[in-house]
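First up is the structure itself, then whatever we jot down about it.
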Amino acid sequence: MQTSLVLQNLLSAPVLFFFLGVLAAVLNSDLEIPSPLPKLFSLYLLLAIGFSGGVELAHSGLGRLVLLTIGAAVLMSLLVPITSFLVLRTRLDSYNAAAVAASYGSISAVTFITAQSFLNVLKVPFDGYMVAALALMESPAIVIGVVLARLSAGVLDKNPDRGEDRLDNEEGRGLRWGELLREAFLNGSIFLLIGSLVIGYLVAAFSPAGVEKMEPFTEQLFYGALCFFLLDMGLIAAQRLQELRKAGAFLIGFAVLAPLLHALVGLGIARLLGMNQGDALLFMVLCASASYIAVPAAMRMTVPQANPSLYISTSLGVTFPFNVVVGIPVYMALVLRFIPAS
Amino acid sequence: MQTSLVLQNLLSAPVLFFFLGVLAAVLNSDLEIPSPLPKLFSLYLLLAIGFSGGVELAHSGLGRLVLLTIGAAVLMSLLVPITSFLVLRTRLDSYNAAAVAASYGSISAVTFITAQSFLNVLKVPFDGYMVAALALMESPAIVIGVVLARLSAGVLDKNPDRGEDRLDNEEGRGLRWGELLREAFLNGSIFLLIGSLVIGYLVAAFSPAGVEKMEPFTEQLFYGALCFFLLDMGLIAAQRLQELRKAGAFLIGFAVLAPLLHALVGLGIARLLGMNQGDALLFMVLCASASYIAVPAAMRMTVPQANPSLYISTSLGVTFPFNVVVGIPVYMALVLRFIPAS
Amino acid sequence: MQTSLVLQNLLSAPVLFFFLGVLAAVLNSDLEIPSPLPKLFSLYLLLAIGFSGGVELAHSGLGRLVLLTIGAAVLMSLLVPITSFLVLRTRLDSYNAAAVAASYGSISAVTFITAQSFLNVLKVPFDGYMVAALALMESPAIVIGVVLARLSAGVLDKNPDRGEDRLDNEEGRGLRWGELLREAFLNGSIFLLIGSLVIGYLVAAFSPAGVEKMEPFTEQLFYGALCFFLLDMGLIAAQRLQELRKAGAFLIGFAVLAPLLHALVGLGIARLLGMNQGDALLFMVLCASASYIAVPAAMRMTVPQANPSLYISTSLGVTFPFNVVVGIPVYMALVLRFIPAS
Amino acid sequence: MKRIDLFLNEREVEKVCKAMLMAGASGYSVMRHVTGMGVGGEISEAMDFSSFGANAHVIVFIEASLLEGIREAVKPLLRRYGGVGFVSAAEAF
Amino acid sequence: MKRIDLFLNEREVEKVCKAMLMAGASGYSVMRHVTGMGVGGEISEAMDFSSFGANAHVIVFIEASLLEGIREAVKPLLRRYGGVGFVSAAEAF
Amino acid sequence: MKRIDLFLNEREVEKVCKAMLMAGASGYSVMRHVTGMGVGGEISEAMDFSSFGANAHVIVFIEASLLEGIREAVKPLLRRYGGVGFVSAAEAF
Ligand SMILES: Nc1ncnc2c1ncn2[C@@H]1O[C@H](COP(=O)(O)O)[C@@H](O)[C@H]1O
Ligand SMILES: Nc1ncnc2c1ncn2[C@@H]1O[C@H](COP(=O)(O)O)[C@@H](O)[C@H]1O
Ligand SMILES: Nc1ncnc2c1ncn2[C@@H]1O[C@H](COP(=O)(O)O)[C@@H](O)[C@H]1O
Ligand code: NA
Ligand code: NA
Ligand code: NA
């Protein structure tokens, strides 16, 4: 069973295009998807899943299970960074530990989408409101990440050794809450995702004709656009993986084991809350995936002391491919084993 | 009635995405649609409305009402700049007055498209040949704008006070008709719109199978692409509005009152010519809207003495949002009141 | 018959948009499709024809005719550069002769796609595996081109007259096979085309549900995207044509006569192998068309002594428009005359 | 040699470059999509969707003797359409 | 006059430019999408799909007397977020 | 310090930058999508849809002592593939 799931995933168009990108990078092909085309696809995917999620949220309403699921997701986005930080702090300084931890508390929208496609192919239903959970997991993880970095590096901030650093003197003391909240809630991708979700909800609720007119754009095109974007993700992930070799075995190990562990916790919660099989998989994927879009951008601004190549490369070079290629089918096998079919 | 129309417009997907963009700019989110992606959507929308308009023109033929409507549209694109110039000249120098006036004689394709979407939702039919009117209103407005600037600033040209300006001596005297006509008729967006219109016409007339094959691209994708583009327009319009505060109350007042007035004149003409309700709305929108694509680009080249931030900010920062958010439903209410249902 | 085919081609949407681009360039309009948007369309078209071709290859299987056709295509991609080189060498130095020759051995994917659209309109069926032939004609032409350049310029390499050229001393002697093979097989566009073909094959064979989900992206959008891209090709081809005037009558003559001759050879082979009418046209187009994507990029790296404006302008400024506008319908007339309807 | 750096609207680049070639420059380089601030206010890429355009940065390396002629050819264009220029010393690589 | 060339991450450009205007610069020009190598390692455009950003190249021409003030305003930002700067001589065109 | 400005085809940038690092440069910056004119004719972005590429502008600031070594490493590549370079004086910011 498990093997056939893995194969089925490996031979799906999105994963194959991901591999094609990896292969191009490994073979040193000059295939390139020049900037800002990847951004176009990234914006498109966020807009489309946000809108569709909002539409389905309007249909399902905000029932008890919906709220519980969202609450559990937010909880995980707070707990995962804390536990990850404790593990990572054993080998990394507090800035880097906090930045990596924040990534793992947050989510990867593309992994989530790939899991949805996988469920579609298996014809396993899932609920649209899982997108709301996705959307609400980014900001808390960012806030916790920054707070951890500041608390843990607190002594340093109180005895600034760079006396001539005017900036730190003027506006740099302690947490810059304004900047932090801006990065956490107004980061472009988070804002677009949540905004599209709200718009989807409003349109479905108040002018349902609009939903149908959006469909060719947000639904029909989606699968192909995902494939195109994954081609680029393959190119980038492979480059990142090469870079990660410098980071050493500890981080690589973390990047493979953390998603597995978080997925198992997610499975437990899913069973506890009585989610159906599709939602359970998506919830596991939310827990298991790590951010390489919103969180890195936010960390660069709020924890500039951390080394971007560490937190980007772990989440994008290892955890992302691991989840897309191996994780999703493995988590699905666990779901089929432990979550009763509804 | 009027309130429900306003609400219906406010809760449509395109207007909501426009608001999302405005909100992003106001809250200082880093959401950005990097160049040249907005250009992609702008080119796409021009190509798509041009093509569809041409197809429908081929179906409707060039009857009496068609020609009258187009004639009236061109007339408005000549009269509006002249009357606007007279008003604006009271406070602005002749270059700036002429450049702003030209914008209001021309049209905003996105406003027009948003009005079409609005009619679609209300299930009010309209004629495809209105696109031809749209396409033919840009060039005359540009020509009139430049002529006004030159005539009004004529004395200056005859007594050039910058003797060392070699360029003005060699090729700068009076009107540069070549450059003007090039800007007026060969401006990229005008050219693409008219070209696509002609192609739509030819394809519909001579190889109708092609129309069907274009449909997924030009029709089905259209609504979603419009939403995406309006997200960007919201971002830009909000920035422009902030800039406009410097320009003062006179211009802001003009930017709100001019569209209302021009829409009323448009309503009168629509009634006179016996247009149906859908066409009447579109005609009003053509009269009421102001250009922020073709005209500014043309003015920059042909009237470099005018300050771009004045003419772009009035049309894009005030008139455009006003029409999209408030104008369209208000004009529709007037249409329903004064134009008999056919 | 032939006239009506030409007209039918001229009045198709793709060719009309091509003309619109040419017209814009000739009239000096500022219409521009800014970089990297053309690359987006070019990548999209390669991905889409690759994927669709792979899907159809999976359906048709690798029968005798399939293999024979592909073999004949590869043979042509080896022979055409050699004979072309001999002709071109009479007037050009060996570097330039080899670079131009390589272009003509290779193919133009856009010409091929336009021919497919033409067949679709005529409702003449063709086989999807022709895309495999297309994909396999690029690399051999590049290899042959470089080998010709090196063999013919061999004496020079052995007696290097630029003693101070460290690069040539260290890594520059004779053929740089590594770089050559990388350009020939890992060139981004070749790699994407072949990769998408393989993915299409695998998906059709192992997860057919994916084929359907790709269709809105790879099939429905295709025609419109082709039109958009041809608009840009028109702009570029017209610029190139202007540049070619410097290259003189010999090259222009070659650029018109070579495709005709190669198409005739292709017709003979098609008849010999018993291809159906649609495949025969596509095969002729493969033989007749010249590369302006993969080959120029490869030649710039591997034969830097050749002048890019010569090989790009012949293939893109003359042969491409010739084939798209006149060639395809003329070849079709020949097909209808000499290939029995199946 | 001299190095000239010009910053001006993208749409006038062609004119300026032609003028420089006429005045004897043997080459030039152009970077588009330049944003900035000057007496004409802030220039962003936001209007790029229209063909309004941001700034371009034109770099020209010339023999010092050509400087005067190029200045005469280019200055009127900068005066007319806006834009600034700077000169510095350079040598061949 | 002096010419200052700064290379820093795109996301900090706004802060740096504001600081320079406050310190008296009358204008500046910004080129984004700059890739490069420095002590912070290689910077590419690969992460552009997120809002992570590549480098920007900021060029400022100023009167020599302003140099010190601008240095004081900008250096702390470069120290905090990374980035380098260079100065050379220039004159008006 | 010295400032080197190189203009060459985008596709050779990687080679040139590698050569400069080997020759001791501690960093560099690259701007792509540069158009221009030189002895090799006009270079536009029109062929960008293929991977043919426009020019790149490479900027390197180095200690003066490294100039000779970098020149030796880079010149052959410019000779082979085309491209030009210029040097000027600079100092740290
Ligand atoms: N002092 C300066 N340093 C660098 N760039 C400048 C400076 N002044 C103006 N610019 C550039 O030149 C453009 C046009 O300047 P202006 O004509 O003064 O508006 C501006 O948008 C900037 O990109
Ligand atoms: N020596 C140099 N020459 C040119 N650009 C440099 C140099 N050093 C650093 N840079 C640029 O400055 C950016 C930031 O440098 P750093 O803060 O040292 O990582 C790099 O990514 C390069 O784009
Ligand atoms: N004098 C010059 N000033 C500025 N850029 C130049 C100059 N000469 C050449 N270039 C640039 O270098 C590129 C290659 O030059 P070339 O190898 O001479 O064709 C050109 O396309 C220009 O971008
Ligand atoms: Na997570
Ligand atoms: Na108007
Ligand atoms: Na061929």
Side-chain angles (χ1 to χ4, degrees), chain E residues 1-10 13 16 19-20 23 25 28-46 48 54-62 64 66-79 82-91, chain F residues 1-36 44-45 48 51 53-67 69-70 73-74 77 83 85-93:
Chain E
M1 298 187 80
K2 292 287 178 189
R3 167 196 179 117
I4 307 177
D5 286 273
L6 304 173
F7 300 90
L8 66 160
N9 191 281
E10 289 183 350
V13 165
V16 166
M20 291 191 307
Y28 55 79
S29 295
V30 179
M31 273 148 279
R32 290 173 58 180
H33 309 293
V34 177
T35 56
M37 172 76 86
V39 295
E42 199 173 345
I43 300 294
S44 79
E45 276 199 292
D48 208 51
N55 286 335
H57 179 193
V58 180
I59 304 180
V60 203
F61 289 89
I62 46 161
L66 290 171
L67 182 58
E68 204 39 52
I70 289 189
R71 187 183 283 138
E72 260 172 48
V74 170
K75 272 253 157 165
L77 289 161
L78 295 185
R79 255 199 303 277
V84 298
F86 303 93
V87 182
S88 47
E91 47 188 301
Chain F
M1 299 188 76
K2 291 285 178 191
R3 168 196 178 117
I4 308 176
D5 286 273
L6 304 173
F7 299 90
L8 66 160
N9 191 281
E10 288 182 350
R11 302 199 37 124
E12 283 98 42
V13 165
E14 220 179 303
K15 278 180 189 156
V16 165
C17 289
K18 244 186 228 162
M20 291 191 309
L21 289 184
M22 302 279 273
S26 65
Y28 55 79
S29 295
V30 179
M31 272 147 280
R32 291 173 57 180
H33 309 294
V34 178
T35 57
S44 79
E45 276 199 291
D48 207 53
S51 34
N55 286 337
H57 178 194
V58 180
I59 304 181
V60 204
F61 289 89
I62 47 161
E63 292 308 322
S65 58
L66 290 170
L67 182 58
I70 288 189
V74 169
L77 289 162
F86 302 94
V87 182
S88 47
E91 47 187 302
F93 172 56

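Order of the sequence lines fixes the chain letters, A, B, ..., with proteins taken first and strands second; residue numbering starts at 1 for each chain.
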For the candidates E:Thr35, E:Leu67, E:Val39, E:Leu6, which exhibits the highest count of non-hydrogen atom pairs separated by less than 4.5 Å from chain F?
E:Thr35

Measure E:Phe86 against the heavy atoms of chain F and call it side chain, backbone, both or neither at under 4.5 Å.
both

Between F:Ser29 and chain E, which part of the residue has a heavy atom less than 4.5 Å away: side chain, backbone, both or neither?
both

Which pair of heavy atoms, one from F:Arg3 and one from F:Ala90, lies closest together, and at what distance?
CB-CB, 4.2 Å

Nearest heavy-atom approach of E:Ser88 to F:Ala89 is CB-O, 3.2 Å

Looking at F:Lys15 and F:Glu12, is there a salt bridge between them, counting it only when a charged N and a carboxylate O are closer than 4.0 Å?
no

Out of E:Lys75, E:His33, E:Met31, which one racks up the most heavy-atom pairs below 4.5 Å with chain F?
E:Lys75

Checking E:Val58, E:Val34, E:Asn55 against E:Leu8 for side-chain contact (heavy atoms from CB on, under 4.5 Å), the one that qualifies is E:Val58

Minimum heavy-atom separation for F:Ala23 and F:Leu66, please, with both atom names.
O-CD2, 3.6 Å

If you count heavy-atom pairs within less than 4.5 Å of chain E, which of F:Ala56, F:Ala25, F:Cys17, F:Ala92 leads?
F:Ala92

Heavy-atom proximity to chain F below 4.5 Å, by part of E:Leu78:
side chain

